[in-house]
Amino acid sequence: MTMRLVRTELVDSREILPGQWLQSFLAPELSSGSRAGQFVHARTGDLSGLVLRRPFSINTADPATGVITIHFRTIGRGTEWFTRLRPGDTVEMLGPLGRPFEVDPRSRHLLLIAGGLGMAGVRSLADEAINHGRQVTLLFGAASARDVYPSSLLPDEVEYVIATDDGSVGHKGFVTELVPDYEGWADQAFACGPAPMLAALARIAEGRRERLGVAKLGRKRGVGKPDVVGSTAARRKAFLQVSMEQNMGCAVGACLGCVIMGTNGVPQRVCREGPVFAAEEVAWESGW
Amino acid sequence: MTMRLVRTELVDSREILPGQWLQSFLAPELSSGSRAGQFVHARTGDLSGLVLRRPFSINTADPATGVITIHFRTIGRGTEWFTRLRPGDTVEMLGPLGRPFEVDPRSRHLLLIAGGLGMAGVRSLADEAINHGRQVTLLFGAASARDVYPSSLLPDEVEYVIATDDGSVGHKGFVTELVPDYEGWADQAFACGPAPMLAALARIAEGRRERLGVAKLGRKRGVGKPDVVGSTAARRKAFLQVSMEQNMGCAVGACLGCVIMGTNGVPQRVCREGPVFAAEEVAWESGW
Amino acid sequence: MSPADLSVDLGRGLVLPNPILVASGTFGYGIEYGDVVEVDRLGGICCKGTTLQPRIGNITPRVTETPGGMLNSIGLQNPGVDAVVAKYAGTWAGWKTPVIVNVAGESVEDYVEVVQRLEGVSGVAGIELNISCPNVGRGGLQFAIDAGAAGEVTAAVRRATDLPLLVKLSPNVGDVRPIARAIADAGADALTAINTLSGIALAPSRRKPLLGNIYGGLSGPAIKPVALRIVYEVSQVVDIPVVAIGGVTELADVLDFLAVGAVAVQVGTAIFADPTLPVRLVDELTDECERRGIASYAELVGTALPPKPGAPSSKGVEYRP
Amino acid sequence: MSPADLSVDLGRGLVLPNPILVASGTFGYGIEYGDVVEVDRLGGICCKGTTLQPRIGNITPRVTETPGGMLNSIGLQNPGVDAVVAKYAGTWAGWKTPVIVNVAGESVEDYVEVVQRLEGVSGVAGIELNISCPNVGRGGLQFAIDAGAAGEVTAAVRRATDLPLLVKLSPNVGDVRPIARAIADAGADALTAINTLSGIALAPSRRKPLLGNIYGGLSGPAIKPVALRIVYEVSQVVDIPVVAIGGVTELADVLDFLAVGAVAVQVGTAIFADPTLPVRLVDELTDECERRGIASYAELVGTALPPKPGAPSSKGVEYRP
Ligand SMILES: Cc1cc2nc3c(=O)[nH]c(=O)nc-3n(C[C@H](O)[C@H](O)[C@H](O)COP(=O)(O)OP(=O)(O)OC[C@H]3O[C@@H](n4cnc5c(N)ncnc54)[C@H](O)[C@@H]3O)c2cc1C
Ligand SMILES: Cc1cc2nc3c(=O)[nH]c(=O)nc-3n(C[C@H](O)[C@H](O)[C@H](O)COP(=O)(O)OP(=O)(O)OC[C@H]3O[C@@H](n4cnc5c(N)ncnc54)[C@H](O)[C@@H]3O)c2cc1C
Ligand SMILES: Cc1cc2nc3c(=O)[nH]c(=O)nc-3n(C[C@H](O)[C@H](O)[C@H](O)COP(=O)(O)O)c2cc1C
Ligand SMILES: Cc1cc2nc3c(=O)[nH]c(=O)nc-3n(C[C@H](O)[C@H](O)[C@H](O)COP(=O)(O)O)c2cc1C
Ligand code: FES
Ligand code: FES
C-alpha cells in the first residue's frame, strides 16, 4: 500500500510496563494495508511546540477491528506527549512507511529476536507468521524481570524465551547468547533492538553457514551476483533481517536525515530502503 | 496579600460568547486574598511550547467556594491553549498581582465602564461595591448584540447599560457616548477596555470639574501637592481609574517589559504600579 | 470575482504560479512525498543541494529536534549534478511547477561547473546558490559570511549561465546587508533568506555532540524572528526580489514575510510535520486575498516596511538608546 | 556522603555558592519576586543593565512571545548607576548571594565611569559588561561584534577596577572566537555567553514591527542550540571560565552547558514561566551529583569537549565536506 496521511483516533492507552505504553488507534486504512516491519510517522499536537513527527513501529494491526497499536518507551518530550493523550483524541499518522520484513515462502521456522523496545519492531511479524501457519520462536532480552514484555500480549502459538541481564527471570545474560540454540532450527531470523545487539547478531549470522555446514535457504548458486542493497530480494533471501533505527526528519526519503551506511558504500535511508535490512546490507563497522 | 504561586484546578470551562470563555478554578488562596482590579499570571502547560505566562484579570473571586474565574477571548496560541483545558487539569497561577481599584470611602455611586473584554477588568469591582452597599451602574460597549456580556452573569443589583457599534442592541455607538448621562451621578468611575476608549474617557474626565461645576470628591484643597504617580492615594482620590494592559514578561516588576509612560515622565510598570492607574497618572498622548 | 493573481516574477523569465515554494533539503527531488502532496500545485520546488561530484554526506545522527526547531547536518549528500539531471530532470520537465536546483560547491570553479551542466537542461527552471559552504580556495571561509567572496561567486556564476539565479543568504553573520548588496550588484536575479543558524546538541551521554558532524543547522519556528529580521533588513537595501525562508508553519507566517518585503516564501522544516502545508497555504493565501478584496497578493508585500531604509539592527540590537 | 561541592570560583575572589545564576534583565534587582523566590539560595544575581545616566528605555510594546522564545526591547531602562547603588546596594550587602552588576554604555568612557562608581561599593560582588551596545565613538558599531572594540573596552574597564570582571558575548557575529580571545587577553576574569539574537515580530496589523523599537532580542529555549554551540566554541579557545546563558529550562540544559565547558549557568527567560526554577536547579544539581557519586559538580564540566580544539563551525556550518 502506498503511504497516506491518516487521521486516527486513540481508543486505548495503557502503561504496560514501567515507562512503556501500549496505545491503540482506530485506523482502518493502516490496519489492513500495512505489513510487519513497517512503521508510522505520528504527528504531535499543534499546541505541543514539537516540530517533528515521531516514528513508531506498527506493533499490531487488526484489519477486523481497524485498530493498530504502537508500543513505546517514554524517553523524551515526544513520547511523553503521547502518554498525555486520552481516548477520543486524534493523532495524524503518515503511513505505512518503509519496507517490511520479507519471509521466504519456503521458511517454516522463524526466529524472532527482540531487545527491549525492539519487541515493537517484530511483534507484528509474529502475528503475520502464525496466520501463515509458520512456527515462531521469540527470543526476548531485557534488563530485568520488571521490564519483561507480558506473555499475555503474545499469541499463544509463539514460543517465548526470555533473557534478562540480571537473571531475575529466564536466561541470565544477553538475548544474543540464546541464539546458537535456535540457529539450526530456524529458517530465517528477524531482529529488532539496540544497534550493538543487531551488530552482534549479524556477526553470529555471518558464521552460520560455516558452523552449520549448510544454509537451509539463501543464495543457492553460491557466489552469484549479489542482490542490490535495498532490494526486496536481498532481504527475502537473507537469513537475518534487522529492523534499524535512526533519527528521522521526513520519514519518506526526502531529507536524507536517517541514513545508515550500506555495504555498497552508499548511505541507505532507514525510512525508505529500510527500516528492515538484510544483515549483509549494513556496513556494521562503518561507525555510522 | 502578597503574591504567591498557587496550584489551581479547573472546575468549569464554558464558551459564554463566540470566542469568549469563562473558566472557573479552585484557588482558595486567590479567592480570599485578592482585590478587584488585580490579576493573575497563569502558566501554560509544560508540553505546550509556550514560554511566557498569560495575564488575566481576576474576573470574580468567591471566598465561600474558593473559586476564582477568568474571562478571556481567544486571540492567539496562549488563550487557545487554555480553552483545551478540561475539568481536573491544573494550572499554576502567580497572584494576586498588581494594584487594585481604590474606592474612596465616601463614594456611593460607582460608574463602571467596560469595552468588550474590559468587562473582565471591572467585573469583580461590581461584586465588591455591591457587597459594600454601593450603587453600581455598568456601561458596556461591544461591536454587536452577539458580543454582549449576558446580564445573567451580573449581580441583579447592577444597572446594566449597553451600547453596540451597530446598534443591534442598546445605544448605537461607542460606550463612551453614554458617559455624560452618568457623569453627574457618579462619585467615581472605573474603566477597562481598549486603550483608545480609556484615552477618550480620560479626556471626558478631565473636563468634568469644569462641566459639572463641582467635583464631588477629590482634591478638596484645590491645587495642593499632587499625589505621587503610582501611589494608592493618587488612585483613591481620582474620579476616573483605568485598568491598563501591556504585554508582560515577569508580571512582578522585574523585567520592565510592561511599562506605560507616566505623567511624571517615568515609565510605570503596568504589573506593579498598575494595572489600575488614576487617569491623571497616564501620559495618554505619549504614544507609548 | 476571479481568484487573486498569485503569480510571481523572479526575473529572467522565472515566473512562479504562486509564491509558496518548498525549501531545499526538505522536499528531496520533489517525488518522495508521492501522492501525499499535490506537487503540481506548488509555486516552486528547490531540490536538495547539488554538487559537482557525488557526496555521501556526514556521519549520522544527522537530525534532531530542539525546542521549536531542529538541527540537521546532512552534509550535502547527493549523487552529483550529472546523476541528478539524469534521474530527475525528465520528470521535472513534465511538471507545471518550476524546479530550482540548489547548488553547492567548495570553490568558485565548482559552482560554475555545476551550473554549466544545468544550463539548457529541460526541467531546470532556475538555480539557487547555497553559499553556506566552505570556500576551499579561501582557506575554508564560507562564501556566505564575506561580501567579497559572495559577490565573486555570484558574478562568476552569472557569467556562466542565463538561468534565473537566486542566491541564498546565511544568518550566521554580523551584518547581512553588505553581503546582500554585493550579491545583488553581482547580478543575482533574486535573494533567498535564510539558511540555517549554526547550533549544536549533545548526545544523551554528554560525552560528545549528538550530530555526527558536531555542528548542525537550526531551522523551524524557533528561527522565525531571526529570518523575519533578516528579510526586513535585506528588502530595504536591495532592489531584486527576496524569497523568505525560516520557520513558516501557517498562513500568518507567510503574511508576515510578505509584509517585510518578501515576494515569495519557502516552507522547510514544517513539511516534516505537515506535508500538505505548502499546498494548503496556496489555498489559504487565495482565500485571504479574496477576504480582503485584493486582485493580487502583491498588495500584501512590504506593508510593514518603513518608507525609507530603517536604522540598522546591528547598531545596538535591542540595547540601543 | 556530604552534599557535592557546588561552589564556583570565577576569579579575583568572586566565589559563587553554586553555579546557578539569574540572568541580567530577567530578575530585576533581586527583590521583585519577593517571597516567591529564595534569593539567598541562588548562586548569583546579575542585575538589570546599568548605565551612567538614567534611561527611560524603549517605547512599548517591549516584549512578545515567539515560538519557543520571546523578543524583548527594554532598551536598558534603569535609574542610572548612582540610583542603583543608593537604592539596592545596601540590600545586596545583606545577602549571601553575590550580586553582579550588569553594565552598559555607549563609549569606553561610559563603561569606565560606571565601573568606577561601583568600585568599593559594599554589596557589589562583580561586574558583567554588556557590550551589545552601539559604540557611539565608533559610529554606532557594537562593541560586541568587533574583536578590537571588545578588547579595548575590556582593557579600559580592567584598568579602572579590581572588581571581578565578566564580559558578555553577543551571538550576532560571524565568528565569536576571535572576540572571545580578545576579551580574555584584555584581562576579563570570565566570559558570559550568550546575549540575545537579533530578531523582529510584526504588529497584528502587519503595518509595522510589533516592538516599539522595531528590533528585539530573541531569548528562551529556541536559542539554546545556538548558545550551546557558542559556549562549545568559546570554551575551546579561552582559558578563563565561561558562564553559559540561553534557553535553560531544566536540569538537562544545565548539564548540557556544563558538558560543553561552562562552569556556571544563568537562567533568564525561563524565570518568567517558572520563578522557582533557578533554586530548584540548585537542588536538582546537588541530587544529580549524589546520584553519580561525585564530590564536586566540576566533574560534569567539559565532558563533551574534544581533547583538542575542534574544527571551527564557521568553516562550513552544516554543509561542509
Ligand atoms: C522506524 C522506527 C521505528 C520505531 N519504533 C519504535 C517503537 O515501536 N517503540 C519505541 O519505543 N520507539 C520506537 N522508535 C524510536 C522512537 O521513534 C523514539 O524513541 C522517539 O522518537 C523518541 O522521541 P522523544 O521525543 O520521546 O525523545 P527525544 O530523545 O526527546 O527525541 C528527540 C529527537 O530525537 C529523535 N529520536 C530519539 N530517539 C530516537 C530513536 N531511537 N529513533 C529515532 N528517532 C529518535 C526523536 O524523534 C526526536 O526527533 C522507532 C524509531 C524508528 C526510526
Ligand atoms: C493585567 C492584564 C489583565 C488582562 N486580563 C485579561 C482578561 O481578563 N481577559 C482577556 O481576554 N484578556 C486579558 N488580558 C489580555 C491577555 O493577557 C491577552 O489576550 C493574552 O495574553 C493573549 O495571549 P495569546 O497567546 O492568546 O495571544 P498572542 O497574541 O498570540 O500572544 C502573544 C504574546 O503577546 C501577549 N499579549 C497579546 N495580547 C496581549 C494583551 N492584550 N495584553 C497583554 N499581553 C498580550 C501574550 O501574553 C503573549 O506573550 C489582560 C492583560 C493584562 C496585561
Ligand atoms: C534536513 C534539511 C536539509 C537541508 N538541506 C539544504 C540544502 O541542501 N541546501 C540549502 O540551501 N538549504 C538546506 N536546508 C535549509 C532549508 O532550505 C531552509 O533554509 C532552512 O531549513 C530554514 O527554513 P525552515 O525553518 O522552514 O526549515 C536544509 C534544511 C533541512 C532542515
Ligand atoms: C526581558 C529581558 C531583558 C534583558 N535585559 C538584559 C540586560 O539588561 N543586560 C544584558 O546583558 N542582558 C539582558 N538580557 C539578556 C539575558 O540576560 C540573557 O542573555 C538572554 O535572555 C538569554 O538567556 P535566556 O534564553 O535564558 O533568556 C535580557 C533578556 C530579557 C528576556
Ligand atoms: S527521514 Fe528523511 S530521508 Fe529518511
Ligand atoms: S511584566 Fe515584567 S515588569 Fe511588568
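Labels below follow one simple rule: chain letters A, B, ... track the order of the sequence lines, proteins then strands, and each chain is numbered from 1.
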Options D:Phe27, D:Tyr29, D:Tyr33, ranked by heavy-atom pairs under 4.5 Å with chain B, top entry:
D:Tyr33

Honestly, the part of D:Thr26 sitting under 4.5 Å from a heavy atom of chain B is backbone

Would you call the rings of B:Phe56 and B:Phe82 parallel, tilted or perpendicular, where under 30° means parallel and over 60° means perpendicular?
perpendicular

Between D:Asn78 and the options D:Thr51, D:Thr50, D:Asn102, the side chain to side chain donor-acceptor pair (under 3.5 Å) test singles out D:Thr51

Identify which part of B:Arg77 has an atom lying under 4.5 Å from any heavy atom of chain D, answering side chain, backbone, both or neither.
neither

One pair to check against salt bridge (Lys or Arg N to Asp or Glu O under 4.0 Å): B:Glu92 and B:Arg53. What are the steps and the verdict?
CA-CA 10 Å; B:Glu92 203 227 70; B:Arg53 288 171 182 251; 2.5 Å; yes

Could you look at B:Leu94 and say if it's the side chain, the backbone, both or neither that has a heavy atom under 4.5 Å from chain D?
side chain

Flag the one option from D:Thr60, D:Thr276, D:Val36 with the top tally of heavy-atom pairs under 4.5 Å to chain B.
D:Thr60

Tell me, for B:Met248 versus chain D, whether the close heavy atoms (under 4.5 Å) come from the side chain, the backbone, both or neither.
backbone

Apply side chain to side chain contact (heavy atoms under 4.5 Å, CB included) to the pair D:Leu21 and D:Ile45, showing each step before the final yes or no.
CA-CA 6 Å; D:Leu21 298 87; D:Ile45 295 168; over 6 Å; no

Who wins among D:Gly69, D:Ala222, D:Gly212 for the most heavy-atom pairs under 4.5 Å with chain B?
D:Gly69

I'd like to verify something: which residue of B:Gly287, B:Gly253, B:Pro267 has the highest number of heavy-atom pairs under 4.5 Å with chain D?
B:Pro267

Could you have a look at B:Gly49, B:Gly78, B:Gly76, B:Gly249 and say which one has the most heavy-atom pairs with chain D under 4.5 angstrom?
B:Gly249

Can you establish whether the number of heavy atoms outside B:Arg146 located under 6.0 Å from its atom CZ is more than 12?
no

Under a 4.0 Å threshold between the charged nitrogen and the carboxylate oxygen, would B:Glu102 count as salt-bridged to B:Arg35?
yes

Heavy atoms only, distances under 4.5 angstrom: which of B:Leu256, B:Asn247, B:Val266 has the most pairs with chain D? Name it, please.
B:Leu256

Tell me, which pairs form a side chain to side chain donor-acceptor pair (under 3.5 Å) where one or both residues lie in residues 217-227 of chain D, sequence neighbours left out?
D:Ser219-D:Thr269, D:Lys224-D:Asp253, D:Lys224-D:Asp256

